[in-house]
Amino acid sequence: MKIGLIGNDTSHVEIFSSMLHDENHPFYINDVEFSGFIESYSEDLPISRDRAKKYKDVLLSYHIPEFDDVQTLNEEVDAWWIITVDGRNHLQWFEKIVSFQKPIFIDKPITIGLENFDRMVELATRYETPIFSSSSLRFSELLKGIHKDDVEFLYGFGPLPLQEKMPGYYWYGIHSLEWMDALFDCDVRQLERKRYERYEIVEFLFQDGRRAIFRGDYEWHDQFGGVVHCKGLPPKMLEFWKMKKSYYVSLLEEVLEFFKSKNPPFNIQRTRRIITWIEELQKF
């Protein structure tokens, strides 16, 4: 399978290209490759601009060629991956490739704002192009043994560094929202957000009456986790950072299965639900 990559400004470039191109990687996947990339980064976003050269060099080190335009690269690929970190330009890139009718995975966030999201879905429907977007944490091995109907309450925590150009939960907070949605799979009736000096607390009241509390730390760290309470069972501690099989591996497996089957692992409206939560949290 051959994949076209858009973007070179995020650690995800190195994480996923190593699994596809480094035969010594413990989770190396054979017969799949990034067949080319289009350079994309944002000058007004330091986390994009300041890392673009580093990750471009990573791609070139694996002998992944750079292409100047999507039309030429499209002739070489079976599927597309929009990986650039800046969600503001995802719609722009999507509009350039959706008519090719090849499956497209859009790294989180799928886009910024509900209007842009609805535009993407409208285009995907018009061109009958399969699309899928997700955070890697949604497919963590830790969550696979938990049935959503058994979940009663959750206390979750994780990093929440903020970016002015990608406000609120659009950059890092979306990771935690995604895995919480994987557990509850339910719309929210009410959200409350309280900010403190070093962290914030969000309280979720779901439509079915269940509740969750999330603590987001403004300083970056890699410790996503929580305590989930299920019916008739002792509380279960979730420590994503201690897993032997990284959630990045699990996401890549889901993406490749999507590229083969052209069937996303869940309905795109669940992604819209996440964007709705982020937009609601922006009001506080």
Side-chain angles (χ1 to χ4, degrees), residues 1 3-7 10 12 16 70 77-140 143-144 148 166 168-189 191 204 206-208 247-248 250-282:
M1 179 184 296
I3 304 168
L5 195 65
I6 295 177
T10 166
H12 290 189
F16 294 113
V70 294
V77 303
D78 305 302
W80 284 93
W81 187 320
I82 300 176
I83 204 169
T84 178
V85 72
D86 190 351
R88 295 175 300 170
N89 63 31
H90 286 181
L91 174 59
Q92 172 190 344
W93 283 113
F94 186 81
E95 289 175 331
K96 293 181 179 181
I97 63 175
V98 66
S99 63
F100 298 147
Q101 296 183 303
K102 295 178 180 180
I104 303 170
F105 176 73
I106 307 106
D107 217 320
K108 62 83 192 167
I110 186 170
T111 188
I112 306 292
L114 288 168
E115 183 177 346
N116 285 350
F117 175 89
D118 291 340
R119 171 65 174 164
M120 283 177 138
V121 173
E122 185 264 321
L123 288 171
T125 302
R126 180 194 307 174
Y127 289 105
E128 299 182 334
T129 298
I131 64 170
F132 162 40
S133 179
S134 179
S135 159
S136 52
L137 274 81
R138 177 181 285 274
F139 300 106
S140 163
L143 304 179
K144 291 184 177 179
K148 67 180 181 66
M166 292 175 62
Y169 283 66
Y170 274 113
W171 180 41
Y172 235 81
I174 194 171
H175 283 302
S176 295
L177 297 183
E178 288 258 9
W179 75 258
M180 291 172 69
D181 178 67
L183 278 184
F184 285 91
D185 188 13
C186 187
D187 290 334
V188 166
R189 184 191 309 171
L191 287 169
F204 297 77
F206 293 93
Q207 291 286 1
D208 58 12
Y247 37 78
Y248 292 116
S250 299
L251 174 63
L252 182 58
E253 291 172 349
E254 292 287 343
V255 172
L256 297 183
E257 178 58 32
F258 161 66
F259 285 159
K260 292 174 184 175
S261 70
K262 300 183 181 180
N263 295 315
F266 57 87
N267 192 293
I268 193 66
Q269 292 305 313
R270 290 184 69 175
T271 303
R272 192 182 197 279
R273 176 193 289 164
I274 299 294
I275 302 300
T276 300
W277 294 355
I278 294 174
E279 290 293 305
E280 285 298 313
L281 288 169
Q282 286 295 99

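Since this is a predicted model, take the numbers as computed values, not measurements.
- Within the 4.5 Å cutoff, side-chain heavy atoms of Phe105 are placed close to those of Leu251.
- Under the side-chain contact (heavy atoms from CB on, under 4.5 Å) criterion, Ser261 pairs with Glu257, Asn263, sequence neighbours left out.
- For Tyr248 against His12, the heavy-atom pair with the smallest separation is CE2-NE2, 3.7 Å.
- Remark: the backbone N or O of Glu128 is not paired with any side-chain donor or acceptor of Gln101 at under 3.5 angstrom.
- Considering OH of Tyr169 and CD of Gln282, their distance stands at 9.5 Å, rounded to 0.5 Å.
- At least one side-chain heavy atom of Asp78 sits less than 4.5 Å from a side-chain heavy atom of Met1.
- Lys102 NZ: more than 12 foreign heavy atoms inside a 6.0 Å radius.
- Taking the six-membered ring wherever Trp is involved, the centroid distance between the rings of His90 and Phe94 does not fall below 6.0 Å.
- Of all the heavy atoms in Pro264 and Phe132, the pair that sits closest is CB-CB, 4.1 Å.
- Side-chain atoms of Leu5 and Phe16, non-hydrogen and from C-beta on, never get closer than 4.5 Å to each other.
- Residues satisfying the side-chain contact (heavy atoms from CB on, under 4.5 Å) test with Ser176, not counting sequence neighbours, are Trp179, Phe214, Phe224.
- Here OG of Ser133 is found 11.5 Å from CD1 of Ile104. Values are rounded to the nearest 0.5 Å.
- Counting only heavy atoms from C-beta outward, the side chains of Asp107 and Trp81 approach each other to under 4.5 Å.
- Arg119 pairs by the side-chain contact (heavy atoms from CB on, under 4.5 Å) definition with Leu91, Glu95, Glu122, Leu123, Arg126, not counting sequence neighbours.
- Distance alone, capped at 3.5 Å, places no donor-acceptor pair between the Lys96 side chain and the Val70 backbone.
- At a cut-off of 3.5 Å, with distance as the only test, a side-chain donor of Tyr170 or Glu279 sits close to an acceptor on the other residue.
- Applying side chain to side chain contact (heavy atoms under 4.5 Å, CB included) to Ile110 and the options Ile275, Asn116, Ile82, Val121 leaves one that passes, Ile275.
- When all heavy atoms are compared, the tightest approach of Leu143 to Ala182 is CD1-CB, 4.1 Å.
- Taking CD1 of Ile112 as the start and CG of Asn89 as the end, the distance is 9.5 Å to the nearest 0.5 Å.
- Residue pairs meeting the side chain to side chain donor-acceptor pair (under 3.5 Å) criterion with at least one partner in residues 264-273, sequence neighbours excluded, are Asp118-Arg272, Asp181-Arg270, Asp181-Arg273, Asp185-Arg270, Asp185-Arg273, Asp187-Arg273.
- Contacts of Thr111 classified as side-chain hydrogen bond (donor to acceptor under 3.5 Å, both in side chains), with partners at least two apart in sequence or in another chain: none.
- In this structure, Phe204 and Phe206 have parallel ring planes: the angle between them is below the 30° cut-off, well short of the 60° mark.
- Contact check for Trp80 versus Ile6: side-chain heavy atoms found under the 4.5 Å cut-off.
- From Leu252, atom CG reaches atom OG of Ser136 across 11.0 Å, with rounding to the nearest 0.5 Å.
- Within the cation-pi definition used here (under 6.0 Å to the ring centroid, within 45° of the axis), Lys108 qualifies as a partner of Tyr172.
- Taking NE2 of His175 as the start and OG of Ser134 as the end, the distance is 10.0 Å to the nearest 0.5 Å.
- Thr129 places a side-chain N or O within 3.5 Å of a backbone atom of Val98 that can act as its donor or acceptor partner.
- Smallest separation of non-hydrogen atoms from Pro109 and Gly87: CG-CA, 4.0 Å.
- For the pair Ile274/Phe117, no side-chain contact is recorded, criterion being any heavy-atom separation below 4.5 Å from C-beta on.
- Residues Arg138 and Phe266 meet the side-chain proximity criterion, which asks for heavy atoms closer than 4.5 Å.
- To the nearest 0.5 Å, the span separating CD1 on Ile131 from CD1 on Ile268 amounts to 4.0 Å.
- Checked against side-chain hydrogen bond (donor to acceptor under 3.5 Å, both in side chains), Ser140 has no partners two or more places apart in sequence or in another chain.
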